[in-house]
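Read through the structure below, which is laid out as structure tokens, and then see the notes.
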There are 2 protein chains.
Amino acid sequence: MYSFTEENYLKTIYHLSQQKHLENVTTNAIADLLQTKAASVTDMLKKLADKKLILYVKYQGVNLTEKGFKVAIGTVRKHRLWEVFLFDKLKFGWEEVHEVAEQLEHIQSDYLIDKLDTFLNYPSVDPHGDPIPGKDGTIKSQTLTLLIDCKKNAQVVISGVKEHSVAFLQRLNEMELCLGKKLKIHEINEFDRCMIVMIDKEAKILVSNEVAKNILVSEA
Amino acid sequence: MYSFTEENYLKTIYHLSQQKHLENVTTNAIADLLQTKAASVTDMLKKLADKKLILYVKYQGVNLTEKGFKVAIGTVRKHRLWEVFLFDKLKFGWEEVHEVAEQLEHIQSDYLIDKLDTFLNYPSVDPHGDPIPGKDGTIKSQTLTLLIDCKKNAQVVISGVKEHSVAFLQRLNEMELCLGKKLKIHEINEFDRCMIVMIDKEAKILVSNEVAKNILVSEA
DNA sequence: AACTATTTTTAGGCTTGTCTAAAAATAGTC
DNA sequence: GACTATTTTTAGACAAGCCTAAAAATAGTT
């Protein structure tokens, strides 16, 4: 099995390679995300390369191997299943689930994860709308649109968020925006692209373009 | 907060001091339970003493301080709540819960444990009948009797086990004995003290004295 | 009280994962 | 193409936890 730290590195490399398709993941990018120093990252990259979990060329960044990808995707699966548990069952707020799931994702027991998946009734997305990889490592990713890119009078459902910070999610809580809310775009301001949006055919609220840039929607 | 390892040492010292009342806990006893070497234990005892978690006198064994006791009892509380979760919600067998709970007990989040306690509806015992310490560290321990010490015709309820090994618990599974089962002692053999016991007023089964020595019961 | 067996501690070393400071490689600019 | 800024790697060190082997303390026996 792989250590807490190894799983975290692999998961981070996975997330970064998702963001910047094709390109190699850089040492500094990993250090930033893991809140550690570049020198520490280099050390770990050598060890992960020795274990054939990544392809590492000095000064050229890294990519996951098939083997490393499986570990990373497994960690993401565990993380997101635990998030669903915390949100659905323990009634955590969606801004609270990430931190605790960062710990829970490293519990080592495939049996546990199978049982948890069953208990949660095989969820397909986590509380932020991110897809949960299957046991076999496949991900069903829906193509979502940014709210900011929607046209006037469009009717949509909130299906995800691009930004995962606690501050942003709390901002959405204050506006009573959460996954599954149905929106109709009533007006779009020409100057700053802020929107006036109707929630559940009732309240009209103002959504700043900064907020709208980070909300993912699908057609209603 | 305290590390995974520190919590394990404190929990072990707690369990040992429960067993052998009054007396100091010895280095070797800790090493045995934690499956490590005496030299490693001595190292850690010094560190725990520096942090005022234990009272340690060279060659004389250790005792928990108030501070160390709180950490230990907190870890036991977390362990047993997770066991209830695994058993009640995820449908683990009672012989399967311990191993995974050994990992889950080290997740750091008081908020999580509060929420879990609520979700489980404030259980007072774990799947083996052991009491779950309260948030304040108090334990309501019931005084239970060993099945072997019961008299003929006694009517009792299985309320705990003295032995926690997987092998023993599986043995009980085979005999369909579990927590809450009502027993009536039909006969006690004079020679080897094995018992013929009626389960739920139906099946009569033979319980060896080795098994009866490790089952805790309360009056029906 | 002395001798032996057992327990516990010390000493020195190893691994994992981290750090700082300095060196080397790469990228960007004139 | 040379010079500078940035990124990355190397070198050496440190803390946590563990180990083995040897020394010291304690306990048990006669």
Side-chain angles (χ1 to χ4, degrees), chain A residues 1-13 16-17 19-20 22-64 68 71-72 75 102-103 105-108, chain B residues 1-13 16-17 19-20 22-64 68 71-72 75 102-103 105-108:
Chain A
M1 280 304 102
Y2 301 98
S3 73
F4 188 100
T5 312
E6 287 170 331
E7 285 189 339
N8 272 341
Y9 271 91
L10 293 170
K11 190 187 64 169
T12 300
I13 295 166
L16 287 167
S17 60
Q19 276 174 43
K20 327 214 164 180
L22 307 171
E23 290 177 62
N24 285 352
V25 174
T26 66
T27 303
N28 266 354
I30 297 168
D32 277 5
L33 254 182
L34 284 177
Q35 310 241 61
T36 184
K37 298 296 146 107
S40 310
V41 175
T42 302
D43 283 349
M44 181 57 80
L45 294 184
K46 285 187 205 160
K47 291 172 195 165
L48 295 175
D50 286 349
K51 296 185 183 181
K52 313 281 182 200
L53 292 161
I54 58 172
L55 296 172
Y56 169 53
V57 183
K58 266 191 198 174
Y59 296 103
Q60 304 303 312
V62 295
N63 275 300
L64 293 172
V71 177
T75 307
E102 283 287 293
Q103 295 183 63
E105 71 186 7
H106 302 292
I107 302 292
Q108 307 269 9
Chain B
M1 281 305 100
Y2 301 98
S3 73
F4 188 99
T5 312
E6 285 170 332
E7 284 189 340
N8 272 342
Y9 271 91
L10 294 170
K11 190 186 65 167
T12 299
I13 295 167
L16 287 167
S17 61
Q19 275 173 42
K20 327 215 163 179
L22 306 171
E23 290 178 61
N24 285 353
V25 175
T26 65
T27 303
N28 266 355
I30 297 168
D32 276 6
L33 254 182
L34 285 177
Q35 310 242 60
T36 182
K37 298 295 146 113
S40 309
V41 174
T42 302
D43 283 350
M44 181 57 81
L45 294 184
K46 284 188 206 160
K47 290 174 196 166
L48 294 175
D50 286 348
K51 295 185 183 179
K52 313 280 182 203
L53 292 162
I54 57 172
L55 296 172
Y56 169 53
V57 183
K58 267 189 198 177
Y59 296 103
Q60 304 303 312
V62 294
N63 275 300
L64 293 173
V71 177
T75 307
E102 283 287 294
Q103 294 182 63
E105 71 188 6
H106 302 293
I107 301 293
Q108 309 268 8

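Throughout, a chain's letter reflects where its sequence line sits, starting with A, and its residues are numbered from 1.
- Considering CG of Leu64(B) and CG of Leu16(B), their distance stands at 10.0 Å, rounded to 0.5 Å.
- A search for side chain to side chain donor-acceptor pair (under 3.5 Å) contacts involving Glu7(B) returns Lys78(B), His106(B), not counting sequence neighbours.
- With sequence neighbours left out, Tyr59(B) forms a ring-ring contact (aromatic ring centres under 6.0 Å, His included) with no residue at all.
- When the nearest nucleotides of DNA chain D are assigned to Gly61(A) and Tyr59(B) by heavy-atom distance, the more 5′-ward of the two goes with Gly61(A).
- Residues of residues 42-56 of chain B that place a heavy atom closer than 4.0 Å to DNA chain D, in numerical order, are Asp43(B), Met44(B), Lys47(B).
- In this structure, CD in Gln108(A) is found 10.5 Å from OH in Tyr2(A), a value given to the nearest 0.5 Å.
- Contact footprint of chain A on DNA chain C: nucleotides with an atom under 4.0 Å from a non-hydrogen protein atom, first to last in 5' to 3' order, dG17(C) to dT26(C).
- Here the CD-OG1 distance, from Glu102(B) to Thr75(B), works out to 10.5 Å after rounding to the nearest 0.5 Å.
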Would you mind writing out the side-chain donor-acceptor pairs for residues 33-53 of chain B within the sub-3.5 Å range, not counting sequence neighbours?
{"residue": "Thr42(B)", "atom": "OG1", "partner": "Ala38(B)", "partner atom": "O", "Å": "3.2"}
{"residue": "Lys51(B)", "atom": "NZ", "partner": "Glu6(B)", "partner atom": "OE2", "Å": "2.4"}

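- A heavy atom closer than 4.0 Å to some atom of DNA chain D occurs in Ser3(B), Thr5(B), Tyr9(B), these being the qualifying members of residues 3-10 of chain B.
- If Ala38(A) and Lys58(A) are placed on DNA chain C by their nearest nucleotide, the residue sitting closer to the 5' end is Ala38(A).
- Here OG1 of Thr5(B) is found 10.5 Å from CG of Leu10(B). Values are rounded to the nearest 0.5 Å.
- In this structure, the separation between CG on Asn24(A) and CD on Gln60(A) is 7.5 Å, given to the nearest 0.5 Å.
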